[in-house]
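Data block below; observations after.
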Amino acid sequence: MSGKRSGAQARRGAAHGPLPLALDIERVLGVAARQPVRAEFRFDPESPSAVCVEFLVEGGPRASWRIGRDLLRQGLSSMSGLGSVRMWPSSAGERAAAWLQLASGDMAALFELPAPPLAAWLDRTYRLVPAGSEFTGVDWDAAVRGGG
């Protein structure tokens, strides 16, 4: 038995990723109307291509979305995503921010996010699982057979 571990095995032995990131963001309801929302971002090194984001509205329901990690990173600097998830940098105001639009069926929500803490957190996820290595160690034959 070799002392070397595959990329997936090495990730399993690593810490469970950076601490979750909790951000106070705003849901844009109209030109002058906004709703405060808490967004909790989670990264799992065993499923590194996506980030789980849970949106918490005080007194309201929780909503969870899985968003591509690359989509989030690209959306901090340019338009990113298609269809139900889109993100792009804000050019208005003095603070660095990004817009995140989520759509499902005939419902859509637009959020404004502070960009610097999200960028720093994403950088930590990429140090843990570098871009391009997300599928290193995947047994594609087993995956196709439904065994993993």
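Only a predicted model underlies this, so the values are computations on that prediction, with no experimental measurement involved.
- Applying the salt bridge (charged side-chain N to carboxylate O under 4.0 Å, His left out) definition to pairs two or more places apart or across chains, those involving residues 48-58 are E54-R62.
- When each of L118, V53, V85 is tested with L100 by the rule side-chain contact (heavy atoms from CB on, under 4.5 Å), just one qualifies, namely V85.
- Proximity of F41 to T125: side-chain heavy atoms (C-beta onward) are nowhere separated by under 4.5 Å.
- Distance CE/M87 to CE/M79: 11.0 Å, rounded to 0.5 Å.
- The closest donor-acceptor contact from the side chain of S77 to the backbone of Q74 lies under 3.5 Å.
- Counting only heavy atoms from C-beta outward, the side chains of F111 and V28 never approach each other to under 4.5 Å.
- Evaluation of the salt bridge (Lys or Arg N to Asp or Glu O under 4.0 Å) rule for D24 yields R38 as partners, not counting sequence neighbours.
- Applying the side-chain hydrogen bond (donor to acceptor under 3.5 Å, both in side chains) definition to pairs two or more places apart or across chains, those involving residues 25-37 are E26-R34, R34-E112.
- Every residue two or more places apart in sequence or in another chain that forms a side-chain contact (heavy atoms from CB on, under 4.5 Å) with P114 is listed here: L23, I25, P117.
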Kindly indicate, with the supporting measurements, whether the criterion side-chain hydrogen bond (donor to acceptor under 3.5 Å, both in side chains) is fulfilled by S49 and R69. CA-CA 6 Å; S49 61; R69 183 171 67 144; over 6 Å; no
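- Side-chain contact between L21 and F43: absent, with no pair of heavy atoms (C-beta onward) separated by less than 4.5 Å.
- Side chains of L102 and L110 form no contact here, defined as non-hydrogen atoms less than 4.5 Å apart.
- The two residues W99 and S90 come nearest to each other via the heavy atoms NE1-CB, 3.4 Å.
- When all heavy atoms of G75 and A98 are compared, the pair lying nearest together is O-CB, 4.3 Å.
- Counting only heavy atoms from C-beta outward, the side chains of D70 and Y126 approach each other to under 4.5 Å.
- Counting heavy atoms from C-beta outward, S80 and R73 have side chains that stay 4.5 Å or more apart.
- In this structure, the side chains of W88 and Q101 come closer than 4.5 Å at one or more pairs of heavy atoms.
- P48 approaches V129 most closely through the heavy-atom pair CB-CG1, 3.6 Å.
- Side-chain contact check for L56 versus V37: every heavy-atom pair is 4.5 Å or farther apart.
- P20 approaches W121 most closely through the heavy-atom pair C-NE1, 4.2 Å.
- Residues L29 and L113 are members of separate hydrophobic clusters, defined by side-chain heavy-atom contacts under 4.5 angstrom among Ile, Leu, Val, Met, Phe, Trp and Tyr.
- The nearest pair of heavy atoms linking A96 to P116 is O-CD, 3.5 Å.
- R42 pairs by the side-chain hydrogen bond (donor to acceptor under 3.5 Å, both in side chains) definition with E40, not counting sequence neighbours.
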